[in-house]
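Written out below as structure tokens is the structure these notes cover.
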Amino acid sequence: MTHGLWTLRVKVDGETIVDTDAELGYIHRGVEKICEDRDFTQITPYCDRLCYVSAMTWANSYIYAAEDLLEAEVPERAEFIRLISAELQRLASHLMWLGAFGPDIGSLTLMTWCMRDREMFLDLLQELGGSRMHYNYPRIGGVKRDIPVGFATRMIAKIKLFERRIEEYEMLLDESTIWLVRLQGVGYTKAEDMVEAGVSGPNVRAAGVNYDVRWAHPYSVYDQVDWEPAVEKPTSVKGADCYDRYRVRMEEMRQSSKMILDAIEKIPGGKNTNYSAGDEMIMTKAPTRAPEGATGFSNYECTRGASQFYIKGGGEGRGKNPYRLSIRSPMFITIPYVAKTMIGYKIADIPAIMGSFDPCIGETDR
Amino acid sequence: MRVTHEQSDSAAKSCVAVLNERFSGSGIKSTVEHHSNAFKMPFVRIHAEPQHWLAIAKFMKYDLFVNYCSMVTGTHFPDGPAERGWEVAYHMMRMPVSNVKPNTNTIHVAEKLSGNDIPLEFEVLIALQQGDTPTVPSIQSIWVGADWNEKETWDLVGINFEGHENMHRVLNPHDSPEQFHPLQKQHKLRYHGHNEMYDDPQGFGRKPADEGRNK
């Protein structure tokens with residue numbers, strides 16, 4: 001499996017899975033403990049490294065919690081830049097997922113195609129943050145700097161190219177017999193069961209409900225751009241199968257592209273580089289110390305579901321550091337649930353079922 | 001499309017009214033609070049005692065339709081007052097999600113949601129006595145999603161969840177010492193023997209991690 005370090009113990013009867021057990025924690029780094037000794041700006045890079053596939057969304061997720069705690073104001077231009085950066089990251093992350101999912105199913109072509117396209121978005125994100133995978137780009141009260149010179153032009157060209165590439169993927173996959181046979185009718189999950197078990201994000205939307213944190217617990221300027229949550233129509237009473245989960249992510253990539261193209265037109269202050277770093281259109285001054293007893297919470301639509309941060313500020317007279325920082329990773333809850341949904345299917349279906357939920361162990365183990 | 005402040009506010013207020021009416025005599029406080037970032041969205045905060053927690057949880061699940069237990073956070077306050085040595089914070093969500101018929105889907109329009117369909121956030125804070133065995137009842141039987149959250153909280157913070165089945169280490173190694181829960185405050189971070197990361201920036205004075213131990 002190409003999804004990181006974890007163990008799945010399977011009890012089988014012949015080829016049929018009878019019971020499963022997930023083992024996690026192989027790359028537990030103690031991020032929550034480390035963060036208790038860092039001040040609020042120093043925590044962002046650690047949050048980048050929670051998930052190496054989707055660093056920008058995790059950093060943003062932390063930033064919204066810190067802003068709730070420190071009561072920072074964010075300029076609207078910065079919110080638009082954050083939205084664009086998060087959606088670019090969502091594209092890169094879904095491409096990484098598709099690239100890893102292909103070899104799970106037996107299509108190695110997909111890996112090379114997806115890595116090729118993902119690199120376009122990693123380049124764009126590198127222009128913003130300066131680094132290829134870990135950007136440290138959002139700041140409490142804004143973003144690090146304005147969009148670079150020519151960024152908008154390059155981004156629009158790449159997104160337009162990518163929109164055609166999505167069609168290419170669909171031509172490659174949607175009519176491929178192997179792809180359909182491996183995915184359709186495998187790994188059924190119902191919407192209510194998933195919510196009950198704590199699963200969220202695209203996996204729930206695949207089961208036919210357009211619940212999305214971006215409108216349900218609004219946080220950025222998603223109400224100002226043109227998009228709709230991606231949602232599937234599952235074909236069975238048993239809920240969504242692996243094919244629905246694949247389809248919903250393809251649709252989500254379309255929506256993200258649409259959103260980015262719309263946001264770059266609507267961005268206040270224009271799509272050129274107009275402001276120096278630290279300008280009040282880019283960043284406002286935020287307090288660095290949290291009042292005693294204050295708490296901050298953010299609910300954020302990460303690429304794999306709802307990622308949440310809960311920060312307790314103050315304590316021990318050192319308001320510079322969080323007293324306790326707690327991270328809710330969507331995959332930590334999802335993986336044990338997925339392990340149980342495999343019961344009744346065959347051993348050969350394990351990669352398809354597991355891969356279709358997009359597991360990422362970096363955020364799971366923290 | 002997004003849930004508006006008014007929608008959320010009215011939903012939160014009606015939930016608080018129902019909660020306060022149902023649990024008026026038992027010292028449970030429910031209030032509507034607001035986040036302090038951009039949209040100032042409201043949420044319901046409930047302060048409860050551990051002995052009332054199961055009753056509240058069942059009420060939330062079956063009367064307020066809170067169907068999503070997203071997060072369990074334990075915090076250790078060794079220097080806190082006697083009645084608040086530990087705190088468990090639960091974050092719950094209400095989501096308008098239900099099963100769909102084959103070949104159909106549910107498309108919610110945020111502005112048109114009403115009543116129990118409005119997504120809402122709940123925060124339940126349970127303060128526990130000082131001592132070595134902080135204990136709260138487990139809600140694993142009410143929300144399946146609480147299962148691994150509680151495992152994690154026990155593993156990292158050491159809060160005991162009474163009635164939790166199959167409790168085991170999830171992030172720490174399975175052979176970690178008993179009573180070792182790294183997020184308790186008596187465990188301090190160390191950097192190769194230094195208390196502060198920047199005591200020795202060039203690292204000349206660093207010692208091997210196992211110095212002083214019998215090898």
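Below, chain A is the first sequence line, B the second, and so on; all start at residue 1. Keep in mind it's a predicted model, so treat the numbers as computed, not measured. Heavy atoms only: backbone and side chains are in, while hydrogens, waters and symmetry mates are out.
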Worksheet item: Contact part of A:Pro229 toward chain B, heavy-atom cut-off under 4.5 Å: side chain, backbone, both or neither?
Response: side chain
Fill in: Side chain, backbone, both or neither of B:Pro96 within contact of chain A (heavy atoms, under 4.5 Å)
both
Worksheet entry | Proximity breakdown for B:Ile142 and chain A, heavy-atom pairs closer than 4.5 Å | backbone
Item to complete: Evaluate whether atom NZ of B:Lys29 has more than 12 neighbouring non-hydrogen atoms of other residues, nucleotides or ligands under 6.0 angstrom away.
Response: no
Practice prompt. Please state whether the side chain, the backbone, both or neither of B:Glu87 comes within less than 4.5 Å of a heavy atom of chain A.
Written response: side chain
Worksheet entry | Proximal component of A:Ala216, with respect to chain B [non-hydrogen, under 4.5 Å] | both
Worksheet item: Is there any residue in residues 160-172 of chain B with a non-hydrogen atom under 4.5 Å from a non-hydrogen atom of chain A, and which ones are they?
Response: B:Val170, B:Leu171, B:Asn172
Worksheet entry | Atom group of B:Val109 that falls short of 4.5 Å from chain A, counting heavy atoms | neither
Fill in: B:Asn105 side chain reached by A:Val209 side chain, heavy atoms, under 4.5 Å
no
Worksheet entry | Proximal component of A:Glu23, with respect to chain B [non-hydrogen, under 4.5 Å] | side chain
Discussion item. So for A:Val225, is it side chain, backbone, both, or neither that comes closer than 4.5 Å to the heavy atoms of chain B?
Written reply: neither
Worksheet item: chain A heavy atoms under 4.5 Å from B:Ala89: which part of the residue, side chain, backbone, both or neither?
Response: side chain
Practice prompt. Heavy-atom distances under 4.5 Å only: say whether A:Thr235 touches chain B with side chain, backbone, both or neither.
Written response: both
Item to complete: Using non-hydrogen atoms and a 4.5 Å limit, figure out which bit of A:Val237 sits close to chain B: side chain, backbone, both or neither.
Response: both
Fill in: Options B:Asn67, B:Val72, B:Leu113, ranked by heavy-atom pairs under 4.5 Å with chain A, top entry
B:Asn67
Practice prompt. State yes or no: are the ring centers of A:Tyr211 and B:His108 separated by less than 6.0 Å?
Written response: no
Worksheet item: Ion pair present between A:Arg366 and B:Glu152, side-chain N to carboxylate O less than 4.0 angstrom?
Response: yes
Fill in: A:Ile333 CD1 to B:Asp147 CG distance, which is reported to the nearest 0.5 Å
9.5 Å
Item to complete: Measure B:Phe39 against the heavy atoms of chain A and call it side chain, backbone, both or neither at under 4.5 Å.
Response: side chain
Worksheet item: Is there side-chain contact between A:Glu192 and B:Val100, with at least one heavy-atom pair below 4.5 Å?
Response: no
Discussion item. Please classify the contact between A:Glu73 and chain B as side chain, backbone, both or neither, with a heavy-atom cut-off of under 4.5 Å.
Written reply: side chain
Worksheet item: Considering all heavy atoms of both residues, which atom of A:Tyr310 and which atom of B:His91 are nearest to each other, and what is their separation?
Response: CD1-CE1, 3.3 Å
Discussion item. What part of A:Ile27 gets within 4.5 angstrom of chain B, counting heavy atoms only: side chain, backbone, both, or neither?
Written reply: neither
Response to the item:
In this structure, CZ of B:Arg2 is separated from CZ of A:Arg214 (nearest 0.5 Å) by 15.5 Å
Item to complete: Calculate, to the nearest 0.5 Å, the distance between atoms OG and NZ belonging to B:Ser98 and A:Lys190 respectively.
Response: 12.0 Å
Discussion item. Ring of A:Tyr323, cation from B:Lys185 - is the NZ or CZ under 6.0 Å from the centre and inside 45° of the axis?
Written reply: yes
Item to complete: Take atom NZ of A:Lys33 as the centre, draw a 6.0 Å sphere, and report whether it contains more than 12 heavy atoms from other residues, nucleotides or ligands.
Response: yes
Worksheet item: Side chain, backbone, both or neither: which part of B:Leu120 has a non-hydrogen atom closer than 4.5 Å to chain A?
Response: backbone
Discussion item. One pair to check against side-chain contact (heavy atoms from CB on, under 4.5 Å): B:His76 and A:Arg324. What are the steps and the verdict?
Written reply: CA-CA 9 Å; B:His76 186 199; A:Arg324 170 87 166 87; over 6 Å; no
Practice prompt. Look at B:Met93, B:Lys101, B:Gln7 and state which one has the largest set of heavy-atom pairs under 4.5 Å with chain A.
Written response: B:Met93
Fill in: Minimum heavy-atom distance B:Ser70-A:Gln308, with the two atoms named
OG-OE1, 2.9 Å
Discussion item. Tell me if a side-chain donor or acceptor on B:Tyr68 pairs with a main-chain N or O of A:Glu196 at a distance below 3.5 Å.
Written reply: no
Discussion item. Just verifying a value: how many Å separate B:Met95 CE and A:Ser200 OG, rounded to the nearest 0.5 Å?
Written reply: 6.0 Å
Practice prompt. May I have the step-by-step check of side chain to side chain donor-acceptor pair (under 3.5 Å) for A:Asp68 and B:Ser36, ending in yes or no?
Written response: CA-CA 5 Å; A:Asp68 186 14; B:Ser36 51; 3.0 Å; yes
Response to the item:
Separation between NE2 (B:His35) and CZ (A:Phe297), nearest 0.5 Å, reads 6.5 Å
Discussion item. Please classify the contact between B:Phe77 and chain A as side chain, backbone, both or neither, with a heavy-atom cut-off of under 4.5 Å.
Written reply: both
Fill in: For chain A, the option from B:Thr4, B:Asp155, B:Ile107, B:Ile118 that forms the most heavy-atom pairs under 4.5 Å
B:Ile107
Fill in: Heavy-atom pairs under 4.5 Å with chain A, option from B:Met1, B:His187, B:His174 with the top count
B:Met1
Discussion item. Nearest 0.5 Å, please: how far is CH2 in B:Trp148 from CD1 in A:Ile335?
Written reply: 9.0 Å
Discussion item. If I measure from the heavy atoms of chain A, does B:Met41 come under 4.5 Å with its side chain, its backbone, both, or neither?
Written reply: side chain
Item to complete: Show your working on salt bridge (charged side-chain N to carboxylate O under 4.0 Å, His left out) between B:Lys40 and A:Glu71 and close with a plain yes or no.
Response: CA-CA 10 Å; B:Lys40 312 269 184 288; A:Glu71 305 187 5; over 6 Å; no
Discussion item. If I measure from the heavy atoms of chain A, does B:Thr104 come under 4.5 Å with its side chain, its backbone, both, or neither?
Written reply: backbone
Fill in: Heavy-atom proximity to chain A below 4.5 Å, by part of B:Gln184
backbone
Worksheet item: What are the two closest heavy atoms between B:Thr75 and A:Lys312, and how far apart are they?
Response: OG1-CE, 3.2 Å
